[in-house]
2 protein chains.
Amino acid sequence: MKYPPSLVSLIRELSRLPGIGPKSAQRLAFHLFDQPREDIERLAQALLEAKSELHTCPVCFNITDHDLCDVCADPLRDQQLLCVVEEPGDVIAIERSGEYNGLYHVLHGVISPMNGVGPEQLYIKPLLPRLQPNMEVILATGTTVEGEATAMYLQRLIEPLGATVSRIAYGLPVGGALEYADEVTLGRAMMGRQKISQ
Amino acid sequence: MKYPPSLVSLIRELSRLPGIGPKSAQRLAFHLFDQPREDIERLAQALLEAKSELHTCPVCFNITDHDLCDVCADPLRDQQLLCVVEEPGDVIAIERSGEYNGLYHVLHGVISPMNGVGPEQLYIKPLLPRLQPNMEVILATGTTVEGEATAMYLQRLIEPLGATVSRIAYGLPVGGALEYADEVTLGRAMMGRQKISQ
């Protein structure tokens, strides 16, 4: 016996999603089969609507459903601070921290020669005209090898243009015990220590 | 700044899928945003088609797009062998082994009081009229606590009706080294040892 063709194509489409292999796709398909028709229709509808309504902001390349994203359209944000991140999800994460009131620039990836991603595949070129001499550019790419390499690449590109370049701090996660921290993080946390005496 | 509403509803719908939490749903949504429109439409289409074309076989409750599933419609299958499994995916897994030529019965779950699933939520009632006195019923539910409990429940239900009841064998997975097997499996494999001398 074989799978019915419509089940095969559903499994194939699901297994194209990141982090979902053939086994998970099969499990998802059987789960979806057990759901009421309305739920399936709502999922399909959400997929199509998201695709037709969302696009990248032409200035910072964050995801938005307006002409400009909320941050770029907000005149109250600090125009002298520019935070460069890898993905749109990073913008949300930083916004949630409530510690930042500047602008963003979303690269949509990191430089990763192993995966065939060079600087020209990222939104690095449109970053340059946004820079002003007295601006601070915070490089907030991940602390992975690729994230570090991308930050270093951007630093070399941006510094000659006169902007101040900084990197988000390394250190212990808040609420973390020292014994669970890896030695590299702990070393960076020691190096980045800050005076608290008045 | 907030997520656009269409992104929020896509993330909400994706996070309703099993094994996909809010973080994975967000990652999936951003991934889907980067995909070409045709891919999204194909996924939405596959969801809707699978839902409209697929249904359970009225005899064995396997998933099918015909009136009867391929196994039930095949007169060459051994009508005296009936294998009871938890999910439609299990039928495919057993078929792939090529070691079985009988019929199936899909319960669509296991008895699990913790999750509020009792025998009446499963397709156990329609199993009984299928039983014949000289039939062998192979209980092939999982070897989890729930799978074992369901097998035991079915055994007590079926044996008085005169059918022979068997359980799939416990033992080492093929290609597995003894040192990696857990002690319960190893104990069961020893108990289930078979003579190979002629």
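Since this is a predicted model, take the numbers as computed values, not measurements. Computed over heavy atoms, backbone and side chain alike; hydrogens, waters and symmetry mates excluded. Lettering follows sequence order; numbering is per chain, from 1.
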Taking heavy atoms only and a threshold strictly under 4.5 Å, list by residue number the residues of residues 14-28 of chain A that touch chain B; give 'none' if the list is empty.
A:L14, A:R16, A:L17, A:P18, A:I20, A:Q26, A:R27, A:L28

Identify which of A:D74, A:L43, A:L32, A:L7 forms the greatest number of heavy-atom pairs closer than 4.5 Å to chain B.
A:L43

Do A:L82 and A:L128 belong to the same hydrophobic cluster, where Ile, Leu, Val, Met, Phe, Trp and Tyr are linked whenever their side-chain heavy atoms lie under 4.5 Å apart, directly or via other members?
yes

Under 4.5 Å between side-chain heavy atoms, hopping through other hydrophobics if needed: is there a path connecting B:V145 to B:M114?
no

Does B:D67 CG have over 12 foreign heavy atoms under 6.0 Å away?
no

Hydrophobic clusters here meaning ILVMFWY residues chained together by side-chain heavy-atom distances under 4.5 Å, can you tell me if B:M152 and B:I168 are in one?
no

Taking heavy atoms only and a threshold strictly under 4.5 Å, list by residue number the residues of residues 45-52 of chain B that touch chain A; give 'none' if the list is empty.
B:A46, B:L47, B:L48, B:E49, B:A50, B:K51, B:S52

Out of curiosity, B:I11 CD1 to A:I92 CD1, how far, rounded to the nearest 0.5 Å?
8.0 Å

Part of A:H55 lying under 4.5 Å from any heavy atom of chain B
backbone

Are A:V110 and A:V84 grouped together when hydrophobic residues (ILVMFWY) are joined by side-chain heavy atoms under 4.5 angstrom apart?
no

Counting only non-hydrogen atoms closer than 4.5 Å, does B:D39 touch chain A with its backbone (N, CA, C, O), its side chain (CB onward), both, or neither?
both

When you group the ILVMFWY residues by side-chain heavy-atom contacts below 4.5 Å and let the links chain together, are A:L107 and A:V59 in the same group?
no

Identify which of B:R42, B:Q35, B:E53 forms the greatest number of heavy-atom pairs closer than 4.5 Å to chain A.
B:R42

Inspect the surroundings of NE2 in A:H31 and state if more than 12 heavy atoms from other residues, nucleotides or ligands are less than 6.0 Å away.
yes

For A:P4 versus B:I63, what's the shortest heavy-atom pair and its separation?
CG-O, 4.2 Å

Nearest-0.5 Å distance that lies between atom CG in A:L54 and atom OG in B:S6:
3.5 Å

If you tally heavy-atom pairs under 4.5 Å against chain A, which of B:D34, B:L10, B:T56 wins?
B:L10

Heavy-atom count around B:D78 CG within 6.0 Å, excluding the residue itself: above 12?
yes

If you take all heavy atoms of B:P88 and A:F30, which pair is closest and at what distance?
CB-CE2, 3.6 Å

